[in-house]
Amino acid sequence: HNGILLSNGSVSQNLTPIQLRLLLVFIENPEKNLKKEFLVSSVWATSYVDSTELLHPHITNLRNKLHICSETCTILTIWGWGYRLTQYGN
């Protein structure tokens, strides 16, 4: 399978291009609450109002892959607002 791997050295997960773009936006904005609209415009280069509904399944899948590969990193949901990449357990 060609693609980008998220790995902790012993476990690897394939990332889709959208998941990779999302992860890069989160990494560029560590510990910041990011609005759904900001994430959509950063990943899909659109500001279409209903496009934020497209975001949820990609966040869920990326969050699940992060949980498999990391014991200290997760994507938190900021209800009604957006998401934040955060580290815990350090």
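Shown here are the side chain to side chain donor-acceptor pair (under 3.5 Å) partners of N33, two or more places apart in sequence or in another chain: R84. Partners of K65 according to the side chain to side chain donor-acceptor pair (under 3.5 Å) rule, which considers only residues two or more places apart in sequence or in another chain, are Q19. Checked against side chain to side chain donor-acceptor pair (under 3.5 Å), T77 has the following partners two or more places apart in sequence or in another chain: R63.
The structure places CG of L55 at 14.0 Å from NZ of K35, a figure rounded to the nearest 0.5 Å. With rounding to the nearest 0.5 angstrom, the OG1 atom of T74 is 9.0 Å from the CG atom of N64.
L39 and L76 are not part of a single hydrophobic cluster, where members link through side-chain heavy atoms under 4.5 Å apart.
Remark: side-chain polar atoms of S70 are not paired, donor with acceptor, to backbone N or O of L66 under 3.5 angstrom.
Counting Ile, Leu, Val, Met, Phe, Trp and Tyr side chains that sit under 4.5 Å apart, directly or through other members, W81 shares a hydrophobic cluster with I78. Apart from W79 itself, the hydrophobic cluster it occupies contains nothing, where clustering links Ile, Leu, Val, Met, Phe, Trp and Tyr at side-chain heavy-atom distances under 4.5 Å.
Side-chain contact between F26 and I59: present, with at least one pair of heavy atoms (C-beta onward) separated by less than 4.5 Å. Using a 4.5 Å heavy-atom cutoff, the side chains of W44 and H58 are in contact. Side-chain contact between K36 and H56 is absent, with no heavy-atom pair separated by less than 4.5 Å. Between Y83 and L22 the shortest side-chain heavy-atom distance does not fall below 4.5 Å. Residues L62 and T16 form no side-chain contact, since every pair of their non-hydrogen atoms from C-beta on lies 4.5 Å or further apart. Looking at L54 and V40, their side chains never come closer than 4.5 Å, going by heavy atoms from C-beta outward.
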Distance-only donor-acceptor hits, side chain of residues 4-13, under 3.5 Å, sequence neighbours excluded:
from : atom 1 : to  : atom 2 : distance (Å)
S7   : OG     : G9  : N      : 3.0
S7   : OG     : V11 : O      : 3.4
S7   : OG     : S12 : OG     : 3.2
N8   : OD1    : S10 : N      : 2.9
N8   : OD1    : S10 : OG     : 3.2
N8   : OD1    : V11 : N      : 2.8
N8   : ND2    : C69 : O      : 3.2

